[in-house]
Participant: 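Below is one structure. I have some questions about it.
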Amino acid sequence: MTPARNRLALAAAAALLLPLAWPAPVSAEPVEDRTVLSTGHVDAMQVYMNGDRLDLRVKDDTGDATRYHEPEDVLLQVLPESEFPVPEGASWSFLGDAGDPMWMLPLTQDPNLLWPGWSTEPLARGQFQDDELSMELVDVSGPGDVVLWTVSSFGEPRPYASTRDGLPDAIPVNVPAHVHSYWAFTAEGAYTLTWQVGGTLADGTEIATEEIDYHWHVGELDDPDDPDDPGDPDLPDLDGRLVLDEGHVDVLAPALEEGELALRTKDGTRLHDPTDVIRDPDEVVFHATPDSETVLGDRFANPGYAEVGAPGDTRWHLPDVQEPGVLFAGWDTNGVPGGALEGDAIDLTLTDFAGPGELVMLTVDDFGDADVEVDTEDALPQTIATRSRTHAHINWYFSEPGVYRLTWQAQATAADGTALESEPRDYLFVVGEWPGSDDPDPDPDPGPDPVLEHTQTITAEVDTDTGGLVLSVDPDDRTVTLPAMTLSPDATRWTAEGELRPVTVTDTRSADPGWNAVGQVSSFSSAEQRQGASGDAEYSGAHLGWTPSLTSASDSQTVATGPGVEGLLDGGPGLATSQLLASAASGEGTGTAVLQADLLLDLPTDVESGTYTALVTFTAI
């Protein structure tokens, strides 16, 4: 079956954009699986509360928008242009002998160099006793010494920390505060600086970060395009594989073959064949294209979501609802008959993982809370528990671009008590840009445009016997534009009402087994959010409710509309998960029914102005 989608557009209020003139920043570039920051403003050590833990992250203002990184994922570069001789005078002897070379990052911004500092701005005044923390340089490894200092109002240097007289050195930091200093390195090469921040909460509780390493490089970096560089010998061979990069695909499709479990892939993209095709995992590669890149919003500070990353971090996201231009990846256990397994239970187990970053797979419940199924930062194996005859999708979040290898096994117990286990199978994912300079050639004849496949014709046919079941949306009548939202009489929410466009279900199957038509809505996101901006401009589809209705049905049909579903602000699950639009029982489904629904969208009063869009996916089974 192929889903049909209807586009919802919500007009709230016009956003005011204030362009500011500023020199264009130099974009960060990845080197050795780390983002290199070499010019522009960076809070190298930004202190924040990660749940109930004190933690450090890198606040990156070097690009067009602020981003946040784990320290391990960043390489801070001191460019060769920063080289200066140590000044003459006794007051500068703490740096070394006069005339010796040093590579110095200044106290005030030089647009051609990195401008690193530290910040406690995410913390609140009164959160810590005396509004103060201690930031300690615990250890330094590298080819030379490292010195941090500032100057008094009269230009006299005041050292903060120095490896020349031993470590650790502690720097007192106010809360909140934003501080810059001079940084000097006395030799070129790679350094690791280890920092730890601690303090006392207002209630007297002592709290501290872990000892966290920061990676620095002074001078030129090796050229990654050096022809003498042999490259990564462990890079999997991608040649000859079919590239699946958009549309519906069940990455894991276990089946029971001659009493044995086997793992396969079910290709439902219909870009390379007119019907769904079962493929061997060794014959395909899954591509999370650059369109999957996203910047995490504020919800990722919440439990569950925080496993993915911090607000402002970049991730590559394969969503649990179908969106144009990205892969819609899940699993399908319909290859295992009902009753063949004990309790119909089957486990999908990730047994091994390799790649430049981490992977988090999570589902979102009816109330918008995250449930993490896989997090590769934790020890493997990790298991997703499911059942036979199940079709499901999940959110996949990759932390870095590159090539990944995921090794999966399917495990179950047969109805007679026999333990079943598939052979381990490797699944290859390319995340972000395709390796090398050339784009992949997924197929010499790629078939129909996936946008037309899924959003223009939007039909889904299941030929279980003579005839078929088809769900369709008129391609000329697929847009729902809700009126401008108004404040509710009790001033507790913004609200808008509208009507779903007609959805047609036609069943010509002679067996007349009956059918269910369901719908599910993606998150409402603003244009800025879809273009990668961070912020709160995204709201769960749980905020949308509906009351289904039947416009028409054939005389041979008895069609029952689904129950009304309330939105999140009224305590209901909304349409973030699949909800029944209508159904017909066995013996009463043959014919054509036209379905609609009244829609009610409620958003909180702190919603940001903008135009929000969501996709509704319909499925008939």
Side-chain angles (χ1 to χ4, degrees), residues 37-47 56 58-59 61 71 76-121 130-199 212-219:
L37 304 179
S38 58
T39 62
H41 177 262
V42 172
D43 288 332
M45 294 86 71
Q46 185 179 68
V47 190
L56 285 172
V58 177
K59 182 186 178 188
D61 292 321
L76 301 161
Q77 185 183 11
V78 184
L79 292 173
E81 295 84 348
S82 67
E83 183 179 356
F84 294 93
V86 174
E88 294 183 357
S91 60
W92 300 105
S93 61
F94 69 95
L95 294 171
D97 295 333
D100 286 350
M102 66 173 178
W103 287 258
M104 185 187 75
L105 299 176
L107 176 68
T108 56
Q109 186 167 15
D110 179 338
N112 299 312
L113 297 174
L114 191 65
W115 191 34
W118 52 88
S119 165
T120 59
E121 291 172 305
D130 300 323
D131 287 327
E132 188 174 274
L133 293 171
S134 177
M135 187 173 71
E136 189 171 273
L137 182 57
V138 178
D139 189 33
V140 170
S141 64
D145 286 311
V146 179
V147 183
L148 283 74
W149 78 97
T150 188
V151 293
S152 70
S153 301
F154 300 100
E156 290 297 316
R158 293 190 300 172
Y160 278 137
S162 173
T163 59
R164 291 174 58 83
D165 57 8
L167 295 176
D169 281 339
I171 304 171
V173 187
N174 292 331
V175 177
H178 179 206
V179 182
H180 284 269
S181 78
Y182 291 96
W183 302 66
F185 298 80
T186 63
E188 291 184 297
Y191 292 77
T192 299
L193 279 62
T194 304
W195 292 93
Q196 184 174 38
V197 180
I212 297 176
D213 291 341
Y214 282 76
H215 301 278
W216 292 75
H217 188 91
V218 178

Participant: If you compare all heavy atoms of L114 against all heavy atoms of V42, which two are closest, and at what distance to 0.1 Å?
Facilitator: CD1-CG2, 3.7 Å

Participant: Applying side-chain contact (heavy atoms from CB on, under 4.5 Å) to D131 and N174, what does each step give before you reach the verdict?
Facilitator: CA-CA 6 Å; D131 287 327; N174 292 331; 5.9 Å; no

Participant: Whether the side chain of D169 engages the backbone of S162 through a donor-acceptor N/O pair (distance < 3.5 Å, no angle test) should be reported.
Facilitator: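 Yes.
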
Participant: Of the non-hydrogen atoms in P71 and V58, which two are nearest, and what is the gap between them?
Facilitator: CA-CG2, 4.0 Å

Participant: Can you name the nearest heavy-atom pair linking G40 to Q109, along with the distance?
Facilitator: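 So the two residues come closest at CA-NE2, 4.0 Å.
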
Participant: Would you check if the side chain of T186 reaches a backbone N or O of D145 as a donor-acceptor pair within less than 3.5 Å?
Facilitator: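 Yes.
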
Participant: Would you list the atom pairs, donor with acceptor, under 3.5 Å between side chains in residues 76-95 and any protein atom, with sequence neighbours excluded?
Facilitator:
{"from": "Q77", "atom 1": "NE2", "to": "G219", "atom 2": "O", "distance (Å)": "3.0"}
{"from": "S82", "atom 1": "OG", "to": "L79", "atom 2": "O", "distance (Å)": "2.7"}
{"from": "S93", "atom 1": "OG", "to": "A90", "atom 2": "O", "distance (Å)": "2.8"}

Participant: Check whether any side-chain heavy atom of V47 sits under 4.5 Å from a side-chain heavy atom of L56, and report yes or no.
Facilitator: yes

Participant: If I take atom CD1 from residue I212 and atom OH from residue Y214, how far apart are they, to the nearest 0.5 angstrom?
Facilitator: 6.0 Å

Participant: Which heavy-atom pair separates D43 from S119 by the least distance, and what is that distance?
Facilitator: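 Here D43 and S119 meet closest at OD2-CB, 3.6 Å.
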
Participant: Between L107 and H180, what is the shortest heavy-atom contact and its length?
Facilitator: CD1-O, 3.1 Å

Participant: For the CD atom of E188 and the NE2 atom of H217, what is their distance to the nearest 0.5 Å?
Facilitator: 7.5 Å

Participant: Taking the side chain from W195 and the backbone from M45, do they hold a donor-acceptor pair closer than 3.5 Å?
Facilitator: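 Not a single qualifying donor-acceptor pair exists.
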
Participant: Going from CH2 on W118 to CG on L133, what distance comes out if it is rounded to the nearest 0.5 angstrom?
Facilitator: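 W118 CH2 to L133 CG: 13.5 Å, rounded to 0.5 Å.
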
Participant: What distance separates T194 OG1 from L137 CG, expressed to the nearest 0.5 Å?
Facilitator: 7.5 Å

Participant: For N112 versus T39, what's the shortest heavy-atom pair and its separation?
Facilitator: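 Closest pair (atom of N112, atom of T39, distance): O-CG2, 3.6 Å.
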
Participant: For the CH2 atom of W103 and the CH2 atom of W216, what is their distance to the nearest 0.5 Å?
Facilitator: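 Reported value, rounded in 0.5 Å steps: 15.0 Å.
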
Participant: Using the six-membered ring wherever Trp is involved, compare the ring planes of Y182 and W149 and label them parallel, tilted or perpendicular (cut-offs 30° and 60°).
Facilitator: parallel

Participant: So, Y160 side chain and S181 main chain: donor-acceptor pair closer than 3.5 Å or not?
Facilitator: no

Participant: Supply the atom-to-atom distance T163 OG1 to Y191 OH, rounded to the nearest 0.5 angstrom.
Facilitator: 8.0 Å

